[in-house]
Number of protein chains: 2
Amino acid sequence: MKTIASPSFRPLYDQIKILITQSLIAGEWRPGDAIPSEMELASRFQVSQGTVRKAIDALAGENILVRRQGKGTFVASHAQERTTTRFLRVAPDSAVTEYPASELLSVERARAPDETLRLLELRAGSTVYIIRRLLKYHGSPAILDEIHLPCALFKGLEEDALRNHKGSMYGFLESQYGVTMIRAEEHIKAVAADEFSAARLGVAPLTPLLRVDRVAFTYGDRPVEWRRGLCVTTECSYINEVS
Amino acid sequence: MKTIASPSFRPLYDQIKILITQSLIAGEWRPGDAIPSEMELASRFQVSQGTVRKAIDALAGENILVRRQGKGTFVASHAQERTTTRFLRVAPDSAVTEYPASELLSVERARAPDETLRLLELRAGSTVYIIRRLLKYHGSPAILDEIHLPCALFKGLEEDALRNHKGSMYGFLESQYGVTMIRAEEHIKAVAADEFSAARLGVAPLTPLLRVDRVAFTYGDRPVEWRRGLCVTTECSYINEVS
DNA sequence: GAGTGGTCTAGACCACCCC
DNA sequence: GGGTGGTCTAGACCACTCT
């Protein structure tokens, strides 16, 4: 394991990181599971514990793995509490931060729009499930979501299963389809509410709304979800830390 | 340096990190400067190179220091290219990403509003400079900023100096006052343009705008700037990565 | 070639968790 | 007590930059 070529040099810990990621993609360890101990991985990959450590550190920094001292290292899961809200950056301005209630509006199957095709790197003619739902904070509508999921990846997604699931959408996709979201890119604009959205959100048409477009990625940076959220921001804000 | 008490245990590298931060606060090394080599710091603090390394790694991860292999470790500066745009998350949707032109509208001195007092942790009655400016992408107005800076910290801030400065606001504050921003918290809402803002931004009143409220922090997490930006998002987006 | 950061190793010991 | 991750050390060697 010492062969390191000078041009296009790749550190050992980086190669280990890739190997671990491949095991995650292959489903060798599932969300919530403990992965083997650092010593075990070191002996499996024939490197020192320190090198495995550095690879795991990187993955933990990306919230793909979670370290727990004295217990082990675990595959991050959307089922765990405190992780369910990981991608939700819109929160009420009031101090009380309660997880929003979700109301499923519709599920349909359709040809993917061009933009979805492009962003999710799908073949022309691919179909997607289009899910519409409403999130409410303290009983009042806050976010109207439209979610596009490739049918090929989420075969047989059913309205009933979705409706009966408790918890976040990503928790559902993880437990039902083994697809775990690890990262997302968002583009945000301010738009005027159209008739349909205004009615759903309980505001006047033309009310300014936050429009949050998102592409979410799973292991190996594969894009697997497109989503557009329309948010009423009179009593909520999109919160972000920049450094 | 080996005395470690069990309750409220603090790793050595964390203590080293604090010592380095204190040197930054004291101005021992200025933005753009190289800090001493890892070996030098290790001998100064009487710890191993590895421990210094871990402290520097953490600070580099926070974009407070910048490592350059073969050259040394440097204090991050807003004067460096590629760093000037660090806090600017609003960019044109067109591929061409050119730094926006800034037009200074006004500079005045006034009692700080209550919200600014609270967020910047100022004593009641403190005064702030209130700066208004307009950022333009490709010649068309995109962002209308209102910036509050404590007078106590930025003594004698002059309109002329500000107008003559080339480059970003944070580059100006760093070079003129030795205050370097390292982090910011933003709260974003969608609002309707008022008469004044609409006129400045060249849009119709009631046009939906992105309102980005920001508190910026310097070394030691001290809040030193409040800012509100109103953005036209017809051809721009606020871009964010979440993980 | 000298100096810097970057990688990798091996070993000792500590803090935490659970049996 | 035994396993896990977390810290700290010392030393060897590699990659990069400048002179």
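Letters go in sequence order (proteins before strands), and every chain restarts at 1.
Of the two residues near DNA chain C, A:D14 and A:Q49, the one whose nearest nucleotide lies more 5' is A:D14. Heavy-atom nearest nucleotides on DNA chain C were determined for A:V52 and for B:P36, and the one closer to the 5' end corresponds to B:P36.
Side-chain proximity of A:E40 to C:dG5, D:dT4, D:dT9: nearest is D:dT4.
Between A:Y129 and A:F154, the ring centre distance reaches or exceeds 6.0 Å.
Of the charged side-chain nitrogens involved, none lies within less than 4.0 Å of a carboxylate oxygen, so that A:K54 and B:D57 do not count as a salt-bridged pair. Using a 4.0 Å cut-off between a side-chain N of Lys or Arg and a carboxylate O of Asp or Glu, B:R44 and B:E28 qualify as a salt bridge. Salt bridge status for A:E62 with A:R183: absent, with no side-chain N to carboxylate O gap under 4.0 Å.
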Between the protein and nucleotides 17-19 of chain C, list the N/O to N/O atom pairs that are separated by less than 3.5 angstrom.
from   : atom 1 : to    : atom 2 : distance (Å)
C:dC18 : OP1    : A:K71 : NZ     : 3.3

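A donor atom on one side chain and an acceptor atom on the other are not found under 3.5 Å apart for B:E235 and B:Y137.
In this structure, B:Y13 does not reach the D:dC8 phosphate: none of its side-chain N or O atoms is under 4.0 Å from OP1 or OP2. For the OP1/OP2 pair of C:dA10 and a distance below 4.0 Å, the side-chain nitrogens and oxygens of A:S48 include no atom meeting the criterion. Contact annotation: A:S37 side-chain N/O to D:dG3 OP1/OP2 distance is not under 4.0 Å. Side-chain N/O atoms of B:R67 include one lying less than 4.0 angstrom from OP1 or OP2 on C:dG6. Put simply, B:R53 has no side-chain N or O that comes within less than 4.0 Å of OP1 or OP2 on C:dG5.
Put simply, CD1 on A:I16 is 8 Å from P on C:dT9, counting in whole angstrom units. Residue A:L41 contributes atom CG, which lies 11 Å from atom P of D:dT4 at whole-angstrom precision. Rounded to an integer number of Å, the gap from B:I56 CD1 to C:dT4 P is 12 Å. The CE-P distance, from B:M39 to C:dG6, rounds to 14 Å in whole Å. The interatomic distance linking A:E38 (CD) with D:dG6 (C1') rounds to 8 Å, in whole Å. For the pair B:D57 CG and C:dT7 C1', the computed distance is 12 Å after rounding to whole Å. In this structure, B:F45 places its CZ atom 18 Å from C1' of D:dT9, rounding to the nearest Å. Between the CG atom of A:L12 and the P atom of D:dA12 there is a distance of 20 Å, given to the nearest Å.
Using a 4.5 Å cut-off on side-chain heavy atoms (C-beta onward), B:H78 and B:F87 make contact. Side-chain contact between A:N240 and A:R89 is present, with heavy atoms from C-beta onward closer than 4.5 Å.
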